[in-house]
*Asks:* 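Once you've had a glance at the structure underneath, I'll fire off some questions.
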Amino acid sequence: MQNTANAAGTDGPELVDTAPLIEDLYPALAKLREAGPVHRIAGTDGRPAWLVTRYEDVRRLFADPRLALDKRHAAPGNYNGFSLPPALDANLLNMDPPDHTRVRRLVVKAFTPGRVEKMREPVRRIAEELLDAIEPDGRADLLAAYAGQLPIIVICDLLGVPQRDRRDFRAWSDALITPDPARPRAAKEAVGSMLRFYTELIAKKRAEPADDLLSDLIRVRDDEAGDGDGDGRLSEDELTSLAFLILLAGYENTVHLIANAVLTLLDHPTVLQELREDPSGLAAAFDELARYEGPAPLGIRRFPLEDIEIGGVTIPAGETVLLSAASAHRDPAHFKDPDEFNPHLGRSGHLALGHGIHYCLGAPLARMETETALAALLRRFPGLRLDVPRDQLRWRPTIRARGLISLPVAW
């Protein structure tokens with residue numbers, strides 16, 4: 001049977017309750033995946049959205065040019081989103097070619113595997129310093145003290161954010177990704193704080209440029225804007241939005257890649273011991289860790305440029321489509337025994353960092369940081385263990401991100 005809905009999203013199939021996705025993600029996704037390839041749910045902004053659950057569909061649609069990221073292609077009244085100001089909204093997560101191609105190529109060279117590999121030793125030193133600070137205590141919230149610290153230090157160093165100006169990015173990120181119903185203005189306040197921070201930072205870098213990525217982007221912006229050809233390949237809003245995205249995304253995903261990986265290894269002590277004895281296996285283990293417990297259950301929302309059929313369901317142009325990488329990663333039609341964690345199976349094709357032209361810009365950096373953080377942790381703390389019963393751990397109450405609220409450990 002073919003389901004349809006109008007472009008405003010008011011008719012069509014009854015919405016699937018998303019509460020089970022928050023309460024118990026993978027079993028809830030399994031039920032949806034088995035029931036059908038596409039379901040209508042209340043999206044992350046509360047409006048109706050279409051959730052795609054099966055691997056082959058999700059992977060194909062990640063790279064389908066008929067699905068746009070630019071919110072201007074959303075049908076009227078169909079999508080709210082974060083309501084970011086223009087100076088933060090002109091980012092790669094809201095762009096399609098040719099703008100996406102133009103902006104991405106200005107920064108992609110900073111994240112090539114070769115450039116990232118040169119950062120491995122500095123990242124290792126940061127990891128060691130963070131572990132030095134907590135080692136005497138014998139216990140810590142590893143999310144706050146290690147997994148949440150390493151990525152922000154690394155990405156701030158890359159961008160050239162002075163240490164005195166490094167703010168509470170975790171609080172800002174949480175306010176956007178996991179809004180607190182008791183603090184309805186928190187997200188708006190976080191956006192205002194971020195806008196002021198990036199505007200001031202860019203002004204400082206313009207006045208006193210340095211050898212860092214943000215200074216390089218400012219030079220590109222100013223040189224091109226003043227070349228007299230009217231082309232202006234990087235606008236001021238795009239510059240600010242690019243800094244915002246690099247810092248926020250460079251923090252958010254990597255924090256949870258590291259913390260989720262630690263929890264997964266603690267749940268699988270045999271694999272943990274193997275990697276402790278032979279850290280070279282971490283490079284191969286990363287892909288299975290990202291598949292099994294990735295940081296992003298959903299890809300960035302997309303909007304069909306035309307009516308599109310997915311798994312026998314016709315979705316009208318302009319409606320919101322959510323591609324579930326978390327569901328795709330547990331699809332038995334593609335992965336053998338998908339609910340088991342086993343890095344020895346050599347599973348390939350995970351979508352934790354996206355696919356196609358919107359593949360995560362910082363993927364090489366996220367991979368290197370995660371491998372380095374795990375190698376240092378396993379070597380330094382051979383007695384690493386959870387410091388609370390496993391069933392007391394809590395996940396962030398959102399389908400936007402798959403991350404722990406805290407990770408109490410001891411050693």
Side-chain angles (χ1 to χ4, degrees), residues 1-16 18 29 32-33 35-84 86 89-105 238 241 245 296-328 331 333-334 349 351 353-361 399-400:
M1 178 181 295
Q2 186 181 73
N3 293 322
T4 61
N6 67 19
T10 56
D11 299 329
E14 182 179 352
L15 297 185
V16 171
T18 55
L29 285 173
L32 291 177
R33 191 173 54 246
V38 183
H39 299 272
R40 204 142 183 264
I41 69 169
T44 55
D45 64 347
R47 300 294 182 95
W50 296 93
L51 180 71
V52 184
T53 61
R54 296 178 181 174
Y55 182 90
E56 294 303 328
D57 292 324
V58 172
R59 187 178 189 277
R60 173 174 53 83
L61 293 168
F62 263 125
D64 193 326
R66 295 176 298 169
L67 292 178
L69 265 64
D70 192 329
K71 290 182 294 187
R72 290 176 296 183
H73 295 293
N78 184 260
Y79 178 76
N80 279 337
F82 287 134
S83 299
L84 295 172
D89 206 31
N91 64 66
L92 291 169
L93 301 185
N94 193 34
M95 285 184 177
D96 302 306
D99 287 336
H100 176 271
T101 308
R102 169 178 55 83
V103 173
R104 184 177 173 113
R105 70 175 174 78
E238 288 170 345
S241 296
L245 180 62
L298 306 174
I300 299 300
R301 77 289 176 272
R302 286 160 163 79
F303 309 102
L305 298 175
E306 59 190 52
D307 291 0
I308 187 170
E309 183 177 309
I310 304 172
V313 177
T314 298
I315 299 176
E319 296 220 337
T320 305
V321 176
L322 301 172
L323 307 177
S324 177
S327 180
D331 187 349
H334 184 81
L351 306 168
L353 298 169
H355 175 64
I357 65 169
H358 296 290
Y359 183 71
C360 177
L361 183 70
I399 58 173
R400 281 195 175 108

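Computed from heavy atoms alone, side chains included, the values below leave out hydrogens, waters and symmetry copies. Bear in mind that the values here come from a model prediction, so they are computed numbers and not experimental data.
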*Asks:* Apply side-chain contact (heavy atoms from CB on, under 4.5 Å) to residues Leu61 and Ile308 and explain how you reach the verdict.
*Replies:* CA-CA 11 Å; Leu61 293 168; Ile308 187 170; 4.3 Å; yes
*Asks:* Can you list the residues that meet the side chain to side chain contact (heavy atoms under 4.5 Å, CB included) rule with Arg47, with sequence neighbours excluded?
*Replies:* Asp45, Asn80
*Asks:* What closest approach, in Å, do Ala75 and Ala317 show between heavy atoms, and which atom pair accounts for it?
*Replies:* CB-O, 4.4 Å
*Asks:* Tell me every residue that passes side chain to side chain donor-acceptor pair (under 3.5 Å) with Asp331, counting only those two or more places apart in sequence or in another chain.
*Replies:* none
*Asks:* For residues Ser324 and Val52, determine if any side-chain heavy atom of one lies less than 4.5 Å from a side-chain heavy atom of the other.
*Replies:* no
*Asks:* Testing Val321, Thr314, Asp64 one by one against Pro304 for a side chain to side chain contact (heavy atoms under 4.5 Å, CB included), which residue passes?
*Replies:* Val321
*Asks:* Starting at CD1 of Ile300, measure out to CZ of Phe62 and round the result to the nearest 0.5 Å.
*Replies:* 9.0 Å
*Asks:* Distance from Leu361 atom CG to Leu92 atom CG, nearest 0.5 Å?
*Replies:* 6.5 Å
*Asks:* Mind listing the closest non-hydrogen atom pair of Ala35 and His39 along with its distance?
*Replies:* CB-CE1, 3.8 Å
*Asks:* Any side-chain heavy atom of Pro37 sitting closer than 4.5 Å to one from Val313?
*Replies:* no
*Asks:* Taking side chain to side chain donor-acceptor pair (under 3.5 Å) as the definition, give me every residue that meets it alongside Asn94, ordered by chain and number, with sequence neighbours left out.
*Replies:* Arg301
*Asks:* Take His73 and Leu305 through the side-chain contact (heavy atoms from CB on, under 4.5 Å) test and state the conclusion after the steps.
*Replies:* CA-CA 7 Å; His73 295 293; Leu305 298 175; 3.4 Å; yes
*Asks:* Heavy atoms, side chains only, cut-off 4.5 Å: are Leu51 and Val16 in contact?
*Replies:* no
*Asks:* Could you work out, with side chain to side chain donor-acceptor pair (under 3.5 Å) as the rule, every residue matching Asp307, not counting sequence neighbours?
*Replies:* none
*Asks:* Can you list everything that forms a salt bridge (charged side-chain N to carboxylate O under 4.0 Å, His left out) with Asp96? Sequence neighbours excluded, please.
*Replies:* none
*Asks:* Closest approach of Met95 and Asn91, non-hydrogen atoms and distance?
*Replies:* CG-O, 3.3 Å
*Asks:* Would you say Glu238 and Arg102 make side-chain contact, with heavy atoms under 4.5 Å?
*Replies:* yes
*Asks:* How close do Gly356 and Ala63 get, counting heavy atoms only, and between which atoms?
*Replies:* CA-CB, 4.1 Å
*Asks:* Applying ring-ring contact (aromatic ring centres under 6.0 Å, His included), can you list everything that pairs with His100, at least two apart in sequence or on another chain?
*Replies:* His358
*Asks:* Could you pull out all residues at least two apart from Tyr79 that satisfy ring-ring contact (aromatic ring centres under 6.0 Å, His included)?
*Replies:* Phe303
*Asks:* So does Gly36 get a backbone contact from the side chain of Thr53, meaning a donor-acceptor N/O pair under 3.5 Å?
*Replies:* yes
*Asks:* Can you name the salt bridge (charged side-chain N to carboxylate O under 4.0 Å, His left out) partners of Arg60, sequence neighbours left out?
*Replies:* Asp57
*Asks:* Among residues at least two apart in sequence or on other chains, which ones pass side chain to side chain contact (heavy atoms under 4.5 Å, CB included) with Ala325?
*Replies:* His329, Leu351
*Asks:* Looking at every non-hydrogen atom in both residues, tell me the closest pair between Ala42 and Thr18 and how far apart they are.
*Replies:* O-CG2, 3.5 Å
*Asks:* Testing the basics here: between Leu93 and Leu69, what is the closest heavy-atom pair and its distance to 0.1 Å?
*Replies:* O-CD2, 3.6 Å
*Asks:* Sequence neighbours left out, what passes side chain to side chain donor-acceptor pair (under 3.5 Å) with Ser327? Give chain and number order.
*Replies:* Arg33
*Asks:* Is the closest side-chain heavy-atom distance between Leu323 and Arg302 below 4.5 Å?
*Replies:* yes
*Asks:* How about Asp89 and Ser241: does a side-chain donor come under 3.5 Å of a side-chain acceptor?
*Replies:* no
*Asks:* Starting at OG1 of Thr320, measure out to CG of Asn78 and round the result to the nearest 0.5 Å.
*Replies:* 4.0 Å
